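What you are looking at is a predicted structure, and each value in this text was computed from that prediction instead of being measured. In the text below, chain A, chain B and the rest are named by the order of the sequence lines, each starting its count at 1.
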2 protein chains.
Amino acid sequence: MTAKTKDVLPIQFYADPMNSIGYLTRITFRTFSRNLERRTLVHGVTAGQWRFLRVLWIEEGLTQRELSNRVGMREPTTVTALNGMEKSGLVRRVPSKNDRRKVHIYLTPRARKLKDRLMPMVAEVNVVAAKGIDPNDIAVLRRVLLKMSENLTTEEQAYLSAHTGAKLPVGSFVP
Amino acid sequence: MTAKTKDVLPIQFYADPMNSIGYLTRITFRTFSRNLERRTLVHGVTAGQWRFLRVLWIEEGLTQRELSNRVGMREPTTVTALNGMEKSGLVRRVPSKNDRRKVHIYLTPRARKLKDRLMPMVAEVNVVAAKGIDPNDIAVLRRVLLKMSENLTTEEQAYLSAHTGAKLPVGSFVP
DNA sequence: CCCTGATAGATAGAATGCTAAGCATTCTAG
DNA sequence: CTAGAATGCTTAGCATTCTATCTATCAGGG
């Protein structure tokens, strides 16, 4: 099959939202997020905070920039989220000793303990979401979503460097 | 393979954002949306407006509620979006003659003409996103995303009717 | 040393989308 | 008929996240 005749779908195909990757990822993300937050709010953790906790449960002491990249949020968003989390006693900001620009983020004991409570919840939501779906198809889903976001990020960066000459910060995925 | 031993992944699996459907759909949605909006903004159309236009290009005269359901936004969001679109001359609000509660939404000639300009853009972004991915896998992606959002919506509605006795408006998907 | 540019974080302001609650209109059970 | 429920749209207020910009700090070449 040639790329021209078979792989390229007619433009009209994308008129239907049900065929649109943008639409489908948006509604899936929102239903997923809402469903999870309904559970985590029992422990006073919002969806936004959850995303940071999950990363910090794996590795503490990250700087805010590293944290932003791993969570997939912009830095001002991270600042706002951390302000809230600091206020509600989930994280501590610890200034770096080597580099006074940097701030390392550590969990409080309470936030560490929340892991055992909250992790089962995301597993639960994943089970609900995956009901009736072939596990192999879900593996395909993960792989394809990741590849797509990489494709789109690559194109975005190519566009930016071509049109503004801007170099993006190295190693920043930040989709 | 039994469901207990093979299909259920260990909780620890979900600690890594890269395995999280929530994370993956979020970053894919955002990169997709940003990439498309970069193109549509040339014609002064934001990502939010684009979503409504796409639905109205298929069928005009929908009520705001019908429109909300098809676009996948809540009604107050639709009101805000339509206010903006009305102001910038993309849509007209036409009160229903049979039922004075209802308002039908029609495109302006200018908005209709935008279709031929904007539709190729979404095709373009889809091509970028799909680069290097087996078309069959993309079909799997669409099917699985839709099924997941249905699963999660079903569970959400079951929860709501069990805990608040609330009946959701019939036929509303609204993820 | 001391400028210059890069890096880390914070701030300001805007856009987006949500929930909750409020009206007006229509339907429906008695 | 008519009181109460349901429906359709709107408003108010809030949370989230973004872009653009600012300040402070560091690193390297002259």
Requested in this report: Name every residue in residues 44-58 of chain A that has at least one heavy atom under 4.0 Å from any atom of DNA chain D, in order of residue number, or write none if there are no such residues.
Outcome: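 Contacts with DNA chain D under 4.0 Å: Thr46(A), Arg51(A).
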
Among all residues two or more places apart in sequence or in another chain, which pass the side chain to side chain donor-acceptor pair (under 3.5 Å) test with [X]?
{"X": "Glu156(B)", "value": "Arg38(A)"}
{"X": "Arg112(A)", "value": "Glu60(A)"}
{"X": "Asn83(B)", "value": "Arg93(B)"}
{"X": "Arg26(A)", "value": "none"}

Filtered N/O pairs between nucleotides 10-12 of chain C and protein, under 3.5 Å:
unit_1: dA10(C); atom_1: OP2; unit_2: Gln64(A); atom_2: OE1; d: 3.0
unit_1: dA10(C); atom_1: OP2; unit_2: Gln64(A); atom_2: NE2; d: 2.5

Report task. Show your reasoning for whether side chain to side chain donor-acceptor pair (under 3.5 Å) applies to Arg39(A) and Asn35(A). Result -> CA-CA 7 Å; Arg39(A) 291 166 164 82; Asn35(A) 218 303; 2.4 Å; yes

Separation of [N] [atom2] from [X] [atom1] (nearest whole Å):
{"X": "Arg26(A)", "N": "dT17(D)", "atom1": "CZ", "atom2": "C1'", "value": "16 Å"}
{"X": "Leu62(B)", "N": "dG8(D)", "atom1": "CG", "atom2": "C1'", "value": "14 Å"}
{"X": "Ile105(B)", "N": "dG8(D)", "atom1": "CD1", "atom2": "P", "value": "14 Å"}
{"X": "Met85(A)", "N": "dT16(D)", "atom1": "CE", "atom2": "C1'", "value": "15 Å"}
{"X": "Asn69(A)", "N": "dT7(C)", "atom1": "CG", "atom2": "P", "value": "13 Å"}
{"X": "Arg38(B)", "N": "dC18(D)", "atom1": "CZ", "atom2": "P", "value": "17 Å"}

Requested in this report: Determine the contact category for Thr63(B): base if any of its heavy atoms lies under 4.0 Å from a base atom, sugar-phosphate if only primed atoms, P, OP1 or OP2 are that close, otherwise nothing.
Outcome: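 It contacts sugar-phosphate atoms only.
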
Which residues pass the salt bridge (charged side-chain N to carboxylate O under 4.0 Å, His left out) test with [X], sequence neighbours left out?
{"X": "Arg117(A)", "value": "none"}
{"X": "Arg143(A)", "value": "Asp137(B)"}
{"X": "Arg101(B)", "value": "Asp99(B)"}
{"X": "Arg54(A)", "value": "none"}

Atom pairs under 3.5 Å, N or O on each side, protein against nucleotides 22-29 of chain D: can you list them with distances?
unit_1: dT25(D); atom_1: O2; unit_2: Arg101(A); atom_2: NH1; d: 3.2
unit_1: dC26(D); atom_1: OP1; unit_2: Arg100(A); atom_2: N; d: 2.8

Query raised in the report: Is a side-chain donor-acceptor pair under 3.5 Å present for Ser33(B) with Arg51(B)?
Result: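 Yes, because at least one side-chain N or O of Arg51(B) sits under 3.5 Å from a partner of the opposite role on Ser33(B).
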
Query raised in the report: Using rotation axes that map the C1' atoms of four end pairs onto the next four (five pairs an end), what angle separates the end axes of the helix from dC1(C)-dG30(D) to dG30(C)-dC1(D), to 10°?
Result: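 Computed from the C1' atoms at both ends, the axes differ by 10°.
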
